[in-house]
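Notes follow the structure.
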There are 2 protein chains.
Amino acid sequence: MGSVPVGDSGFCRRFPNGLGFDFGSDGSSSSMVLDQERRAPSRLGGKRVGAGILDAKTAMAMKSHSEAERRRRERINGHLAVLRSMVPCDDKMEKAALLAQVISHVKKLKRNAAEINKSYTVPSDTDEVRVEVEGDMTIAGRLMVRASLCCDDRPEILADLRQALSGLHLKTVRAEISTLGGRMKNVLTMTSEGTFSNVDKHLFVASVHQALNSILDRVKSREDFLSRASFSNKRQRISPF
Amino acid sequence: MGSVPVGDSGFCRRFPNGLGFDFGSDGSSSSMVLDQERRAPSRLGGKRVGAGILDAKTAMAMKSHSEAERRRRERINGHLAVLRSMVPCDDKMEKAALLAQVISHVKKLKRNAAEINKSYTVPSDTDEVRVEVEGDMTIAGRLMVRASLCCDDRPEILADLRQALSGLHLKTVRAEISTLGGRMKNVLTMTSEGTFSNVDKHLFVASVHQALNSILDRVKSREDFLSRASFSNKRQRISPF
DNA sequence: TTCTACACGTGAAGC
DNA sequence: TGCTTCACGTGTAGA
């Protein structure tokens with residue numbers, strides 16, 4: 001991959017004196033270039049002069065042009081080299097494949113970030129129960145479920161959750177509890193102990209949903225009770241911490 | 001940005017008949033090309049034939065060559081277009097700047113992922129207490145602290161934590177609890193209620209560290225006690241869920 | 001005008 | 001051998 005500059009291409013085709021750009025000393029050295037130009041006239045504007053002498057100024061312009069282009073290439077390839085070191089890929093991977101790899105890597109990172117953020121949410125002001133199956137497929141015959149409950153912060157909710165979920169044969173792999181300003185959000189990641197068919201899956205999700213909703217209802221009614229009895233401020237913060 | 005192909009460059013310099021590649025019908029149409037070739041002989045090997053007729057096979061090879069190169073460019077630019085739509089950038093941003101933007105974007109995503117993973121860790125098999133100040137600076141005069149405790153899973157640890165931290169005037173903004181295979185990991189994000197100088201900060205971190213370590217010690221000694229008394233398996237899972 | 005960024009066709013090199 | 005990749009210098013359009 002890659003080739004070192006070895007002469008013949010580009011300038012050396014057009015300026016075959018092999019010396020680069022020492023125009024101005026001897027105009028005759030570019031007579032062949034002139035002949036070539038006569039056959040296929042350049043449209044670069046004023047590149048030719050009447051007697052067949054290539055304009056020195058134009059030559060310098062072309063030199064700086066090609067050098068600018070070289071710098072541009074180095075800039076782009078430099079960035080590509082950095083990307084090559086940042087994504088998991090072979091050192092000899094070609095440019096297009098490298099870019100494809102970068103694309104898939106960025107997509108993966110974004111997917112992970114979105115996945116994490118789903119459970120990282122700070123409790124909101126609206127009560128909410130959400131239950132979803134983790135991934136589209138059951139992994140190793142087991143069901144992975146993420147359930148979240150957002151409601152007013154009550155210390156007894158942990159026990160309520162435990163009780164509500166106890167009949168569902170779930171193993172809690174991960175629990176996340178956020179409290180803020182008298183609100184709380186619980187996010188539970190759980191696996192089933194048995195295997196599920198697709199039909200069972202939906203029934204199961206529904207039953208988890210119902211279990212969490214019953215807790216939410218209890219929190220609401222208790223809140224109403226407390227509110228009616230004027231026992232405490234609705235927004236009082238009661239956190240386990 | 002960009003220019004449409006308009007003739008004069010490349011093939012049309014070498015094959016200025018303006019008709020593309022209908023060689024074979026009339027060899028004389030490429031006599032000028034031959035002259036050009038004589039001045040700067042190609043090294044592509046076998047491109048010339050004795051009488052000055054450009055080999056038709058070579059012409060086809062060059063045609064397929066330039067077309068392959070065009071396809072390659074389209075592939076690369078296609079990937080660049082995808083990246084342009086994935087990172088926050090102007091539509092008219094040049095290639096090098098786009099790649100620079102991609103680099104910084106990937107770095108940002110990786111940094112976020114690493115930051116999240118610090119607290120997302122699944123409980124490990126080694127006991128650990130970690131306390132660190134969130135960010136280098138105190139925000140709005142307050143101290144944000146992240147403390148984590150990884151140890152054997154005991155249901156009473158939540159109460160222990162609450163008690164241990166009660167004297168430190170901390171408000172728990174976020175609590176995360178993971179249990180797996182009889183181990184548990186607590187990650188607490190807390191803010192101080194007062195303001196801190198740099199010196200106080202370190203003292204404060206040390207006291208949080210000490211508080212968590214005392215809990216860890218208690219878990220360990222209780223474990224030893226249970227172990228000595230043969231009450232239960234050391235790895236028995238006792239989870240609040 | 002000059003300066004840039006782009007697409008192009010090309011020679012070389014690797015397989 | 002033919003096919004692919006890369007770097008190169010160049011023509012052209014826009015600022």
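Nothing here was measured: the structure is a model prediction, and the numbers come from that model. Order of the sequence lines sets the chain letters (A, B, ...), proteins ahead of strands, with each chain counted from 1.
Between the P atom of C:dT10 and the CD atom of B:Glu67 lies a distance of 11 Å, rounded to the nearest Å. Whole-Å rounding puts the B:Lys63 NZ to C:dG9 P distance at 10 Å. As rounded to whole Å, 20 Å separates atom P of D:dT4 from atom CG of A:Leu98. For A:His65 and D:dG9, the NE2 to P distance is 11 Å, given to the nearest whole Å. Atom CD of A:Glu69 and atom C1' of C:dA7 are 9 Å apart (whole Å). D:dT5 atom P lies 11 Å from atom NZ of A:Lys95, rounded to whole Å. Put simply, CE on B:Met60 is 15 Å from C1' on D:dC3, counting in whole angstrom units.
Legend: residues meeting side chain to side chain contact (heavy atoms under 4.5 Å, CB included) with B:Ala97, ordered by chain and number and at least two apart, are B:Met93, B:Glu94. Taking A:Ser64 as the reference, nothing meets the side chain to side chain contact (heavy atoms under 4.5 Å, CB included) condition, with sequence neighbours excluded. Every residue meeting the side chain to side chain contact (heavy atoms under 4.5 Å, CB included) condition with B:Val205, not counting sequence neighbours, appears here in chain and number order: B:Val131, B:Val133. Every residue two or more places apart in sequence or in another chain that forms a side chain to side chain contact (heavy atoms under 4.5 Å, CB included) with A:Arg70 is listed here: A:Glu67, A:Arg73, A:Glu74. Under the rule for a side chain to side chain donor-acceptor pair (under 3.5 Å), A:His65 has no partner lying at least two apart in sequence or in another chain.
When each of D:dC6, C:dA7, C:dT2 is scored by its nearest atom to the side-chain atoms of A:Lys57, the top-ranked nucleotide is C:dT2. Distance from the side chain of B:Met62 is smallest to C:dT10 among C:dT10, C:dC6, D:dA7.
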Stepwise, does the side-chain contact (heavy atoms from CB on, under 4.5 Å) test hold for A:His79 with B:Ile103? CA-CA 8 Å; A:His79 287 145; B:Ile103 289 172; 3.9 Å; yes
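Residue B:Lys92 has no polar side-chain atom (N or O) positioned under 4.0 Å from OP1 or OP2 of D:dG14.
Only A:Arg72, A:Arg75, listed by number, bring a heavy atom of residues 70-78 of chain A to less than 4.0 angstrom from any atom of DNA chain C.
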